[in-house]
Peer 1: 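This is the structure, below, for whatever I ask next.
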Number of protein chains: 2
Amino acid sequence: MSQHSTANALRRPRVPRKTAARSDSVGEPSDIDTSFLESLLGYNARRAALAVIAVFLRRMAPYGVRPVDFSVLSVVAHNPGVTSRQICSTLDILPPNLVGMVKSLQKRGLVVRKPHPNDRRAQGLHLSDAGQTLYNEAQATASSLERDVAGRLTPDELNTLIGLLRKVYRT
Amino acid sequence: MSQHSTANALRRPRVPRKTAARSDSVGEPSDIDTSFLESLLGYNARRAALAVIAVFLRRMAPYGVRPVDFSVLSVVAHNPGVTSRQICSTLDILPPNLVGMVKSLQKRGLVVRKPHPNDRRAQGLHLSDAGQTLYNEAQATASSLERDVAGRLTPDELNTLIGLLRKVYRT
DNA sequence: TATTGTTATACTCTATAACTATA
DNA sequence: TATAGTTATAGAGTATAACAATA
């Protein structure tokens with residue numbers, strides 16, 4: 001298992017590293033032509049996603065949650081009793097890859113499991129008090145982070161952008 | 001080295017797998033509340049990027065190029081003689097991770113290296129005739145792919161979306 | 001001394017197969 | 001027979017350190 005284990009809910013699992021390979025040299029103002037790539041939705045969506053995630057990693061480091069951890073906590077917070085299987089299909093996570101995450105959140109005392117009322121195979125996930133406290137702060141941070149990330153975007157533009165992105169990936 | 005090696009420029013390096021963990025069960029129309037996550041730019045940008053990349057992988061499989069391979073080929077195509085170092089800083093790829101890609105493209109006969117005119121440490125990258133032919137087709141596929149991906153988006157909406165995404169990640 | 005390209009390697013992320021216990 | 005959760009593991013993606021050749 002590559003996940004760390006600690007009882008301290010505020011300890012972060014790993015240091016967020018520098019996001020990517022920035023130029024080591026001083027000059028080189030990048031007179032490289034990337035106009036075709038910049039005309040593609042996929043290229044721009046990926047670059048934008050990575051840029052937002054980089055900010056997310058820095059701002060969420062104090063809470064010790066990566067983007068995927070936050071997504072899981074958010075689903076649990078807003079859907080108490082949700083099962084692992086439901087989280088997987090909602091967030092497009094493969095079941096074997098969720099096991100370690102839930103285990104880690106459990107060890108940190110953020111998440112608790114309760115027997116499922118109807119199905120003895122399943123277990124409902126809930127936030128502990130500590131988990132709820134941490135999630136409340138993390139969610140507030142995530143909200144305020146939006147303004148930083150969308151720096152040169154007006155609120156209207158941000159709404160437009162999110163609406164268009166949803167149109168792309170939603171069936 | 002985990003990269004494959006083949007002399008056939010049209011052979012694909014690997015099969016594009018199913019994109020993610022869809023529900024195996026029949027029902028479960030996902031009445032899970034994800035409204036907060038869906039209010040976040042990062043979440044939507046990542047989901048959209050993954051959706052586009054999934055289509056890209058399928059459509060580009062005949063050419064044997066992943067998104068990163070296509071990006072490298074595109075930069076070389078539009079900037080003949082570009083160095084590895086320039087590609088790295090342009091595409092945010094770490095130098096050690098580019099080595100294998102260039103090696104692979106070279107083995108497939110798509111890319112050739114020529115001595116740099118001014119700097120004997122560096123080597124300029126160029127497309128071979130086969131590389132140019134393959135890239136022309138791949139670029140045309142990438143362009144036509146845009147319409148598929150942005151299915152329910154009007155051309156104006158697509159332009160708006162790309163413009164807003166650029167605002168997010170561009171310094 | 002700094003940079004280009006490189007090797008080796010470690011860590012993280014994503015994916016598949018196969019198992020158990022329940023349904 | 002099918003599903004929930006799990007284990008083990010393979011493969012791909014991303015990161016750092018350190019080196020030789022050249023600037």
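Here is the naming used below: chain letters follow the sequence lines, and residue numbers restart at 1 for every chain.
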Peer 1: D69(A) has an atom CG; how far is it from atom P of dT12(C), in whole Å?
Peer 2: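 So the two atoms are 12 Å apart, to the nearest Å.
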Peer 1: Using the test side-chain contact (heavy atoms from CB on, under 4.5 Å), find all partners of I53(B) that sit at least two apart in sequence or belong to another chain.
Peer 2: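 Residues passing side-chain contact (heavy atoms from CB on, under 4.5 Å) with I53(B): R46(A), L57(B), P67(B).
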Peer 1: So do M101(B) and I87(B) actually touch side chain to side chain, heavy atoms under 4.5 Å?
Peer 2: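 A side-chain contact is absent here, since even the closest heavy-atom pair is not under 4.5 Å.
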Peer 1: Please identify each residue that fulfils salt bridge (Lys or Arg N to Asp or Glu O under 4.0 Å) with R120(B), with sequence neighbours left out.
Peer 2: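 Here no residue qualifies.
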Peer 1: Nearest-Å distance, NE2 (H116(A)) to P (dG5(D))?
Peer 2: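 Rounding to the nearest Å, NE2 of H116(A) and P of dG5(D) are 8 Å apart.
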Peer 1: CG of D92(A) versus C1' of dA15(C): gap in Å, rounded?
Peer 2: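 Taking atom C1' of dA15(C) as the reference, CG of D92(A) is at 13 Å.
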Peer 1: In whole angstrom, what separates I93(B)'s CD1 from dG13(D)'s C1'?
Peer 2: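 Result: 12 Å.
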Peer 1: What is the distance, to the nearest angstrom, from the CG atom on L91(B) to the C1' atom on dT14(D)?
Peer 2: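 That distance rounds to 15 Å.
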Peer 1: Does anything in residues 142-165 of chain A form a ring-ring contact (aromatic ring centres under 6.0 Å, His included)? List the pairs, not counting sequence neighbours.
Peer 2: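 Qualifying pairs: none.
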Peer 1: Please give, in whole Å, the distance from dT6(D) C1' to M101(A) CE?
Peer 2: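 After rounding, the reported distance stands at 14 Å.
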Peer 1: Expressed as a whole number of angstroms, how long is the span from R66(A):CZ to dT14(D):C1'?
Peer 2: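 One finds 15 Å between C1' of dT14(D) and CZ of R66(A), rounded.
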Peer 1: Return the set of residues passing ring-ring contact (aromatic ring centres under 6.0 Å, His included) with H78(A) (not counting sequence neighbours), or none when no residue passes.
Peer 2: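 Per chain and number, H78(A) pairs via ring-ring contact (aromatic ring centres under 6.0 Å, His included) with Y135(A).
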Peer 1: For D129(A), look at atom CG and say whether over 12 heavy atoms of other residues, nucleotides or ligands are found less than 6.0 Å away.
Peer 2: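 It does not: D129(A) CG has 12 such atoms or fewer within range.
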Peer 1: With sequence neighbours excluded, tell me which residues meet side-chain contact (heavy atoms from CB on, under 4.5 Å) with S39(A).
Peer 2: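 Testing S39(A) for side-chain contact (heavy atoms from CB on, under 4.5 Å), a comparison that skips the adjacent residues, returns F36(A).
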Peer 1: Just the rounded figure in Å: distance from C1' of dT6(D) to CG of L94(A).
Peer 2: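 Distance check: L94(A) CG to dT6(D) C1' gives 14 Å.
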Peer 1: For V52(A), enumerate each residue passing the side-chain contact (heavy atoms from CB on, under 4.5 Å) test, keeping only those at least two apart in sequence or located in another chain.
Peer 2: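 Once residues adjacent in sequence are excluded, the partners of V52(A) under the side-chain contact (heavy atoms from CB on, under 4.5 Å) criterion are V149(A), L41(B), V168(B).
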Peer 1: Keeping to residues at least two apart or across chains, list the salt bridge (Lys or Arg N to Asp or Glu O under 4.0 Å) pairs with something in residues 32-42 of chain A.
Peer 2: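 Counting only pairs at least two positions apart or across chains, the salt bridge (Lys or Arg N to Asp or Glu O under 4.0 Å) contacts touching residues 32-42 of chain A are E38(A)-R166(B), E38(A)-R170(B).
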Peer 1: Could you go through nucleotides 6-8 of chain C and list every protein N or O atom that sits under 3.5 Å from one of its N or O atoms, giving the distance for each pair?
Peer 2:
from	atom 1	to	atom 2	distance (Å)
dT6(C)	OP1	R113(B)	NH1	3.2
dT6(C)	OP1	R113(B)	NH2	2.9
dT6(C)	OP2	R113(B)	NH2	2.9
dT7(C)	OP2	K103(B)	NZ	2.8

Peer 1: Is there any protein nitrogen or oxygen under 3.5 Å from a nitrogen or oxygen in nucleotides 19-23 of chain C, and what are the pairs?
Peer 2:
from	atom 1	to	atom 2	distance (Å)
dA23(C)	OP1	R120(A)	N	2.9
dA23(C)	OP2	R120(A)	NH2	3.0

